[in-house]
Amino acid sequence: MSRIEKEIEFYKDLFGKVYTMFLEVSGGTVAHFSQKGMDFLTVIGTIVSVCLFVSLLTVGYIYKEKINLLKE
């Protein structure tokens with residue numbers, strides 16, 4: 001297996017893990033907000049959800065670039 005294929009597998013696995021964490025944190029934040037309203041945990045959950053979303057976009061972009069590099 002070449003180095004690029006190993007990197008593609010790494011980023012694919014990382015994307016899945018970040019996506020799962022994003023869904024869990026954002027879902028928990030929405031559930032907490034609907035039950036308790038706006039409080040400290042809702043604010044922290046929102047900030048973490050935004051950070052995870054940015055990480056998800058970054059990892060997805062890198063994954064796409066590695067696939068395009070392999071095609072060339």
Side-chain angles (χ1 to χ4, degrees):
M1 196 176 219
S2 72
R3 183 181 63 87
I4 294 176
E5 290 174 347
K6 288 181 183 179
E7 288 180 11
I8 288 173
E9 286 297 317
F10 172 75
Y11 285 113
K12 181 179 179 182
D13 185 48
L14 185 62
F15 183 84
K17 290 177 181 177
V18 173
Y19 181 71
T20 302
M21 282 191 63
F22 170 72
L23 288 180
E24 289 178 0
V25 171
S26 61
T29 301
V30 169
H32 184 79
F33 177 72
S34 67
Q35 290 178 356
K36 307 279 182 172
M38 185 63 82
D39 63 351
F40 182 71
L41 288 177
T42 305
V43 172
I44 295 298
T46 303
I47 293 169
V48 172
S49 294
V50 169
C51 291
L52 285 172
F53 183 70
V54 170
S55 298
L56 188 66
L57 291 176
T58 304
V59 171
Y61 177 77
I62 293 171
Y63 176 64
K64 182 181 172 186
E65 289 296 315
K66 295 293 181 182
I67 289 176
N68 288 340
L69 184 64
L70 182 66
K71 288 181 182 178
E72 293 176 356

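Since the structure is predicted, the reported quantities are computational estimates derived from the model, not experimental observations.
One distance of note links NZ of K66 with NZ of K6; it measures 14.0 Å at 0.5 Å rounding. Summarising the geometry, atom CG belonging to L41 is positioned 8.0 Å from atom CD1 belonging to I44; distances are rounded to the nearest 0.5 Å. Taken to the nearest 0.5 Å, the OG atom of S55 stands 14.5 Å off from the NZ atom of K17. How far CG of L57 is from CG of L52: 11.0 Å, rounded to the nearest 0.5 Å. To the nearest 0.5 Å, the span separating CG on L56 from OG on S49 amounts to 11.5 Å. Interatomic distance, E7 CD to L14 CG, rounded to the nearest 0.5 Å: 12.5 Å.
Checking each of D39, T46, I47 against V43 for a side-chain contact (heavy atoms from CB on, under 4.5 Å) leaves exactly one that passes, namely I47.
When hydrophobic clusters are built by joining Ile, Leu, Val, Met, Phe, Trp and Tyr residues whose side-chain heavy atoms come closer than 4.5 Å, directly or via intermediates, L70 is grouped together with V59. Cluster annotation: I8 and L69 are assigned to the same hydrophobic cluster (Ile/Leu/Val/Met/Phe/Trp/Tyr, side-chain heavy-atom contacts under 4.5 Å, transitive). Linking Ile, Leu, Val, Met, Phe, Trp and Tyr residues whenever their side-chain heavy atoms come within less than 4.5 Å leaves M21 and V54 in two separate clusters.
Across all their heavy atoms, T29 and G45 have their closest contact at OG1-CA, 3.3 Å.
In this structure, L23 and T20 have side chains that are not in contact, with every pair of non-hydrogen atoms separated by 4.5 Å or more.
Judged as a ring pair (Phe, Tyr, Trp, His ring centres under 6.0 Å), the pairs with a partner in residues 22-72 (not counting sequence neighbours) are, in order, F22-F53. For residues 20-33, there are no salt bridge (charged side-chain N to carboxylate O under 4.0 Å, His left out) pairs, not counting sequence neighbours.
Residues passing the salt bridge (charged side-chain N to carboxylate O under 4.0 Å, His left out) test with E65, sequence neighbours excluded: none.
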